[in-house]
Amino acid sequence: MSLITKSELVRTDFPGNFTWGAATASYQIEGAAQMDGRGPSVWDVFSHTEGKINNGDNGDVACDHYHRYKDDVALMQNIGLNAYRFSISWSRILPEGTGRVNQAGLDFYSRLVDELLEHNIQPYATAFHWDLPQALQEKGGWSNRDTAAYFAEYARVISRCLGDRVKGWTTHNEPGVVMALGHLTGEHAPGIKDLNTSVRAAHHLLLGHGLAMPVLRENSTRPDAEFGITLSFNYVEAGDGNATELAIIKDAWENTMFLDPLFKGVYPEELSEIIEKHLPIEPGDMEIISAPLDFLGVNYYFRTLPIAWADREALTFESRYNEGAEYTDIGWEAYPEGLYKLLHRFHSEYKPAKMYITENGAAYDDTLEETSESLAVHDKGRLKYLQAHLEAALHALQEGVPLAGYFIWSLLDNFEWAYGYAKRFGITYVDYPTQRRILKDSGVWYRDFLHK
Ligand code: IFM
């Protein structure tokens, strides 16, 4: 099936109330790492540990969004976004993770939210996008059950302050990545490589989500506010005839490990042999975790074609290279049909009330072309990628999938975790030495699309 059927996608193909956004995350863009009372997070510690991040990069300055947020909101308005998805830095609000509140941190997000609303852009806030306060890591981090309760406490503080203005609340962003890369392969902060810790972390992330949801709801006074979680997905298909079982395990570990508990109140059966003995489930946990959500946030980037174990202990897989397919600069296969199929699968199997695509985008090795008259980035690959995925989303929507919005990852080039600044996902180029923002061709296209 080819999903590219129209010569030009137009905004009016989508419902009038569709949410059009772009997404970022605190540690990836804010900088100001030691400013106004912010405490260290696991990512500060990890990125300052030698050998962990490409080129020795860190988020100390990043896109300096903390100081430039007004310009960035103006940029969003210029593009025509009606929503912006950002995350809140827990250690800016509670420098020790619990207890003492840092008012200056709350003030920053309050100013950001006001600025967004003044520009008619709806704020979609994520409470946790991977930057756990280091002080909590020192108490065991997500492998410690208490962290779930600390997360609910943090949710109370941010929602009391912002609950009158934030439209969309997301508890976690991609907890599966925290589980797998943060606690099993060790490629991400806090850099742990242990299955037991990883599975415990997964359960406590879910429990934290479940405990935070009613708190967020209780403190929100916007009648149209909505509450959910964002998970990462990839479209998994067996890479050859012998890999069917392997693909089932990979799909469960990377796609349904969080979906099943959230929507069915159980962990995926396909993983029971691997995870069951490590799961620290206490009576009542699964009911807390599976309370109804207003939306499921879907982050989708690529397809994988597993053919063999890469490292069975780390639950990583070798994938077949798909000759002739388009791969982005980060080595991910562009496969828009995967988005279409996953949206249908979630709709029929899990029945979320609605879904947002909370992230979708591509890394390309962009070049800034500078002449005396202009600055431009001709990112043809990203442009094609975005159009094809949007078209795939539209097909699903037209066939009855309750899709309510689309957020591009990302508004800005930013700190791409272990890759540092080497991988660029933005529709806006960030010239880091000068912090100039230059809308790439993909951003110009999104702007024109949104203005028609
Ligand atoms: O940059 C990340 C983001 O933080 C979470 N989702 C995937 C993006 C691209 O890797």
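When reading the values below, keep in mind they use all heavy atoms of this one structure, side chains included, and skip hydrogens, waters and symmetry mates. Owing to the predicted nature of the structure, the values given are computational and were not obtained by experimental measurement. Numbering of residues begins at 1 and proceeds along the displayed sequence. Indexing begins at 1, ligand by ligand and atom by atom, following the structure's order.
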Looking at ligand 1, does K423 have a heavy atom less than 4.0 Å from it?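 Distance cut 4.0 Å: K423 fails for ligand 1.
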
Where is the nearest protein heavy atom to atom 1 (O) of ligand 1: which residue, which atom, and how far?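 Ranking protein heavy atoms by distance from atom 1 (O) of ligand 1, first comes E416 OE1, 2.6 Å.
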
List the closest protein heavy-atom neighbour of atom 8 (C) of ligand 1: residue, atom name, distance to the nearest 0.1 Å. Y301 OH, 3.4 Å

Taking distance alone, with no angle check, do [X] and ligand 1 share an N/O pair under 3.5 Å?
{"X": "W332", "result": "no"}
{"X": "N414", "result": "no"}
{"X": "W130", "result": "no"}
{"X": "E359", "result": "yes"}
{"X": "N173", "result": "no"}

Take atom NZ in K70; do more than 12 heavy atoms of anything else shown fall under 6.0 Å from it? no

For H172, the option from W130, F258, F151 that meets ring-ring contact (aromatic ring centres under 6.0 Å, His included): F151

Checking Y124, Y406, F346 against Y356 for ring-ring contact (aromatic ring centres under 6.0 Å, His included), the one that qualifies is Y124

As an exercise, state the distance from CD1 of I274 to CG of L279, rounded to the nearest 0.5 Å. 11.5 Å

What atoms in ligand 1 come closer than 4.0 Å to a heavy atom of E174?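 Per the distance check, 5 (C), 6 (N), 7 (C).
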
Quick one: sort the H344 and Y340 rings into parallel, tilted or perpendicular, breaks at 30° and 60°.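 Geometry flag for Y340 against H344: perpendicular rings.
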
Report the relative orientation of the aromatic rings in H389 and Y300; use parallel for angles under 30°, tilted for 30 to 60°, perpendicular for over 60°. tilted

Just to verify, which of D131, N414, D413, L412 counts as forming a side-chain contact (heavy atoms from CB on, under 4.5 Å) with Q28? N414

